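Note that the structure is a prediction, hence the values are computed from the model and not measured. We count ligands from 1, going down the list as the structure has it; atoms in each ligand are counted the same way.
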Amino acid sequence: MLKLNSDEVNKAAELIKAGGTVAFPTETVYGLGADALNPFAVEKIFKAKNRPPDNPLIVHVSSKDMLRIVARDIPETAFRLMDSFWPGPLTLILKRTDVVPDITTGGLDTIAVRMPANELALAFIREAGVPIAAPSANTSGRPSPTKAEHVIKDMDGRIDALILGEDSRIGMESTVLDLTVTPPALLRPGGLSLEEIIECIGEVMTVNVSGKSPGMRYTHYSPETKLVLVEGKSSIVPAEINRLVNDYREAGLKVGVIITRESSEHIDCDAKFIIGSVNNLKEVAGRLFSGLRFLDEAEVDIGIVEGTFPEIKEGRAIMNRLRKAAGENIVYST
Ligand code: TXA
Ligand code: MG
């Protein structure tokens, strides 16, 4: 895997034109890109990530002209949202054009599109001159990469190049909004809050969040270490976490805990990751994937994560990702 600096974006663009795969920074998470219109190039993404073929990719554009190559019958609502939130962490589901190969959309007649708010990413797409299909640049099922080193860990030897950039500013994937239904439907909570979208377009459907977006059906975001999520009031959860730590330790296990700054001092465990302040959901969203990866690095036998975040604004995406990462292992303490 070539490691390219920010002044070598032209090399990355050449690799894309030649049908290669290039990981690149965005404001949400690092993406693993290929020419969205070249089925052979897109297939390499699925192989590198070990991604199920029915899980469609997000196509990244650098202009509205580029958007029109892949999407048709774009509704007025889409333009209102683009004017407010692009470039930025909002992915729109639109009707797709015939030039898009089936493999890019997992066979669907719709397409997911976004314009990332990252100068390197935009320059890269512009130079490549084609829309870039890019899922998050992690092995399928693992936490998304928010740092270049995360991409190196998962993808070295599996892709052609990585553009070295800064840590992802937001650190949470984009919000996915389906505009092919009325009212528009939230398919994945993410970096742009539902509240901001509603303020812009008035009405959004949130029922069945995991049903329609194929990606939301799979186990996701999981560290290799088994993870237990403890949900409940912040006045009770730290004590519950300590109780669990003691139980696991008595069973001879090494325990890691992902915890808010406020609860941190009450916790006694083998490895601790402070995810941020309960009063700063943006900070927590940005550190969440690093926290999940920390458990593997710390080589603990089991991880416990505090789940006391209110499900408003960034908290909606935070709790969504934590529940997916924990799978069945959720303790409710009331
Ligand atoms: O922030 C992000 O969105 C990052 C960066 C790289 O842009 N990308 C990302 O891609 O998170 P990925 O592949 O990890 O997640 C894409 C999500 C999946 O849940 C997928 O099922 C959904 O978008 N999706 C893609 N195309 C779709 C479509 N046509 N209809 C419904 N859901 C779609
Ligand atoms: Mg992903």
Which atoms from ligand 1 have a heavy atom of [X] less than 4.0 Å away?
X    : answer
L108 : 28 (C), 29 (N), 30 (N)
S136 : 8 (N), 9 (C), 10 (O), 12 (P), 14 (O)
A112 : 25 (C), 26 (N), 27 (C)
G31  : 6 (C)
R51  : 13 (O)
E173 : 1 (O), 2 (C), 11 (O)
R188 : 2 (C), 3 (O), 9 (C), 11 (O), 15 (O), 16 (C), 17 (C)

Establish, from distance only, whether the side-chain atoms of [X] and [Y] form a donor-acceptor pair under 3.5 Å.
X    : Y    : value
T21  : R158 : no
S136 : N138 : yes
R321 : S144 : no
D296 : T225 : yes
T28  : E173 : no

With backbone taken as N, CA, C and O and side chain as the heavy atoms from C-beta onward, which portion of [X] lies under 4.0 Å from ligand 1: side chain, backbone, both, or neither?
X    : answer
L57  : backbone
L187 : side chain
M172 : neither

Is the CZ atom of F79 crowded by more than 12 outside heavy atoms at less than 6.0 Å?
yes

Looking at F24 versus Y30, is the centre-to-centre ring distance below 6.0 Å?
no

Is D178 salt-bridged to R188, cutoff N-O under 4.0 Å?
no

What I want to find out is whether K153 reaches E149 closely enough, with some N-O distance under 4.0 Å, to be called a salt bridge.
no

Decide, counting backbone as well as side-chain atoms, whether S136 has an N, O or S atom less than 2.8 Å from the Mg ion (ligand 2).
yes

Quick one: does [X] get an N or O within less than 3.5 Å of an N or O on ligand 1?
X    : value
K49  : no
T110 : yes
T26  : no

Side chains of residues 298-315: which donor-acceptor partners sit under 3.5 Å, not counting sequence neighbours?
{"from": "D301", "atom 1": "OD2", "to": "K254", "atom 2": "N", "distance (Å)": "2.6"}
{"from": "E306", "atom 1": "OE1", "to": "T260", "atom 2": "N", "distance (Å)": "3.0"}
{"from": "E306", "atom 1": "OE1", "to": "T260", "atom 2": "OG1", "distance (Å)": "3.0"}
{"from": "E306", "atom 1": "OE1", "to": "S263", "atom 2": "OG", "distance (Å)": "3.2"}
{"from": "E306", "atom 1": "OE2", "to": "T260", "atom 2": "OG1", "distance (Å)": "3.2"}
{"from": "E306", "atom 1": "OE2", "to": "S263", "atom 2": "OG", "distance (Å)": "3.4"}
{"from": "E306", "atom 1": "OE2", "to": "T308", "atom 2": "OG1", "distance (Å)": "2.8"}
{"from": "E311", "atom 1": "OE1", "to": "R323", "atom 2": "NH1", "distance (Å)": "3.1"}
{"from": "E311", "atom 1": "OE2", "to": "R323", "atom 2": "NH2", "distance (Å)": "2.9"}
{"from": "E314", "atom 1": "OE2", "to": "K282", "atom 2": "NZ", "distance (Å)": "2.9"}

Best match, V29, T28, I111, D109: closest heavy atom to atom 1 (O) of ligand 1:
T28

Look at ligand 1 and say whether H60 reaches it with a heavy atom at a distance under 4.0 Å.
yes

